Amino acid sequence: MHKVYENDDLMMYFKKRYCHCCGEVLHKKRTERVVRKGDPDHRAYCTIGRSYKPYGDILVIGKEYFCSSCNKSFSCDEQGKVIEAQKHYKRHIVTDEEIANVKNQKLIIVNDRILKMRWLLLLPVIGGIICTFKIFNGCLREKTNNKDLHKLILSALLVFIGVAIVIKLVLSTVNNEMLNKYQTLFMLIPSLLSFNMPILWYINHTFKIK
């Protein structure tokens, strides 16, 4: 069986983490799970590296936190939310409600931040790439669906190509020496500006506070 090693929190080897139930220092614990062919996340483990490699069942070996006092285990993702709450309240013991409250506060802040970043979409392509990275590489991912990133990139490319084709067809009907000479430039600038339009629509539709 093919093996994959993963660790979502490298700082667990350098910093002490504390149980939010009792406040005791957490220990590291090895975890193992089998990702079978056909599971939703199977393909993700087949594309580690430069190319896709079709494996069968995959043994995923990772790390999690374990409290010997409470006899409870916490994933790195769960403990990440706990750490934010512990920092916010400045104590080791925090309730599930307090953890959820800090998470919601952070989500509101980053949601407001992505709305303020819409001005970056005035920068052709580059602004769209920055906004897309912010959306799909942080807690805002919770508001997105699995295939949203692929759909968004595809939409932006289709709009770019579509606008370029339309402008080229329009310019081909105009008998103007200057327009013909700089046809590529006249076609490229509006096309690049249109690239970010689907991203702007997505941000307004998904993150705008109603």
Side-chain angles (χ1 to χ4, degrees), residues 1-89 92-107 110-111 114 129-157 202 206-207:
M1 185 182 295
H2 183 72
K3 294 181 181 180
V4 171
Y5 295 86
E6 65 177 1
N7 187 350
D8 296 329
D9 183 13
L10 293 176
M11 292 305 294
M12 65 169 24
Y13 297 103
F14 307 103
K15 283 191 174 184
K16 290 182 179 180
R17 305 302 193 191
Y18 300 91
C19 175
H20 76 92
C21 300
C22 66
E24 292 295 321
V25 175
L26 294 170
H27 303 285
K28 296 181 289 291
K29 181 181 177 182
R30 176 188 169 107
T31 62
E32 292 184 1
R33 66 186 180 96
V34 177
V35 178
R36 304 192 181 280
K37 192 172 183 179
D39 289 347
D41 55 345
H42 183 270
R43 184 176 179 83
Y45 291 107
C46 290
T47 53
I48 295 175
R50 294 185 178 181
S51 60
Y52 174 78
K53 296 179 181 178
Y55 298 112
D57 293 347
I58 301 172
L59 179 63
V60 180
I61 302 171
K63 292 285 186 180
E64 67 180 9
Y65 292 98
F66 176 72
C67 179
S68 56
S69 178
C70 298
N71 196 30
K72 291 182 179 180
S73 296
F74 308 97
S75 68
C76 292
D77 184 55
E78 290 173 328
Q79 189 60 27
K81 296 180 179 68
V82 169
I83 292 169
E84 290 180 353
Q86 289 171 334
K87 288 180 179 178
H88 179 81
Y89 292 104
H92 294 156
I93 299 176
V94 289
T95 65
D96 291 337
E97 184 179 358
E98 289 172 331
I99 295 170
N101 182 51
V102 171
K103 176 188 171 184
N104 291 334
Q105 287 182 17
K106 182 179 178 181
L107 191 58
V110 294
N111 192 99
I114 196 66
I129 293 172
I130 294 172
C131 289
T132 302
F133 179 83
K134 289 291 184 180
I135 292 170
F136 294 97
N137 289 274
C139 60
L140 285 177
R141 284 181 300 176
E142 295 184 14
K143 288 192 171 186
T144 67
N145 296 319
N146 290 335
K147 295 183 179 180
D148 279 5
L149 177 59
H150 298 92
K151 291 178 180 178
L152 193 57
I153 293 174
L154 180 61
S155 298
L157 289 173
Y202 184 81
T206 308
F207 304 108

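No experiment lies behind these values; they were computed from the predicted model shown.
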Exercise. Does Phe133 offer a backbone N or O that forms a donor-acceptor pair with the side chain of Asn137 under 3.5 Å?
Worked result: yes
Exercise. What pair of heavy atoms forms the shortest contact from Val94 to Glu98, and how long is it?
Worked result: CA-OE1, 3.3 Å
Problem set entry | Atom pair CG (Leu157) and CG (Leu152), whose distance is rounded to the nearest 0.5 Å | 10.0 Å
Exercise. Using the ring of each side chain (for Trp, its six-membered ring), is Tyr18 parallel, tilted or perpendicular to His92, with breaks at 30° and 60°?
Worked result: parallel
Exercise. Minimum heavy-atom separation for Phe66 to Ser73, with atom names?
Worked result: CD1-OG, 3.4 Å
Exercise. For Phe136 and Arg141, which heavy atoms make the closest approach, and how far apart are they?
Worked result: O-CD, 2.9 Å
Seminar exercise, completed: Taking every heavy atom of Cys139 against every heavy atom of Val110, the minimum-distance pair comes out as SG-CG2, 3.4 Å
Problem set entry | Side chain to side chain, His20 and Phe74, heavy atoms closer than 4.5 Å | yes
Exercise. Going through the checks in order, is the side-chain contact (heavy atoms from CB on, under 4.5 Å) test met by Met12 and Cys76?
Worked result: CA-CA 9 Å; Met12 65 169 24; Cys76 292; 3.9 Å; yes
Exercise. Could you state the interatomic distance from CZ (Arg17) to CE (Met11), rounded to the nearest 0.5 Å?
Worked result: 6.5 Å
Seminar exercise, completed: NE2 (His27) and OG (Ser69) are apart, to the nearest 0.5 Å, by 9.0 Å
For this session: Could you give me the CA-CA distance, side-chain angles and deciding distance for Lys143 and Asn111, then say whether side chain to side chain donor-acceptor pair (under 3.5 Å) is met?
Result: CA-CA 10 Å; Lys143 288 192 171 186; Asn111 192 99; 2.7 Å; yes
Problem set entry | Non-neighbouring partners of Lys106 that pass side chain to side chain donor-acceptor pair (under 3.5 Å), sequence neighbours left out | Glu84
For this session: Measure the spacing between SG of Cys21 and CG of Leu26 and express it to the nearest 0.5 Å.
Result: 9.0 Å
Exercise. Does Asn104 reach the main-chain N or O of Ala100 with its side chain, forming a donor-acceptor pair under 3.5 Å?
Worked result: yes
Exercise. With sequence neighbours left out, what residues match Lys28 under salt bridge (charged side-chain N to carboxylate O under 4.0 Å, His left out)?
Worked result: none
Exercise. Can you find a heavy atom in the side chain of Cys67 that is under 4.5 Å from one in the side chain of Cys22?
Worked result: yes
Problem set entry | Over all atoms of both residues, closest heavy-atom pair of Glu32 and Ile61 | CG-CG1, 4.1 Å
Exercise. Atom SG in Cys131, atom OH in Tyr202: separation rounded to 0.5 Å?
Worked result: 12.5 Å
For this session: May I ask you to test the Leu140-Lys134 pair for a side-chain heavy-atom distance under 4.5 Å?
Result: no
For this session: For the residue pair Ser68 and Glu24, establish whether any side-chain heavy-atom pair is separated by less than 4.5 Å.
Result: no
Exercise. Is the shortest heavy-atom distance from the side chain of Thr144 to the side chain of Leu149 under 4.5 Å?
Worked result: no
Exercise. Got a second to check how far Ile135's CD1 is from Ile130's CD1, nearest 0.5 Å?
Worked result: 12.0 Å
Problem set entry | Check ion pair Glu142-Lys103 (N to O, under 4.0 angstrom) | yes
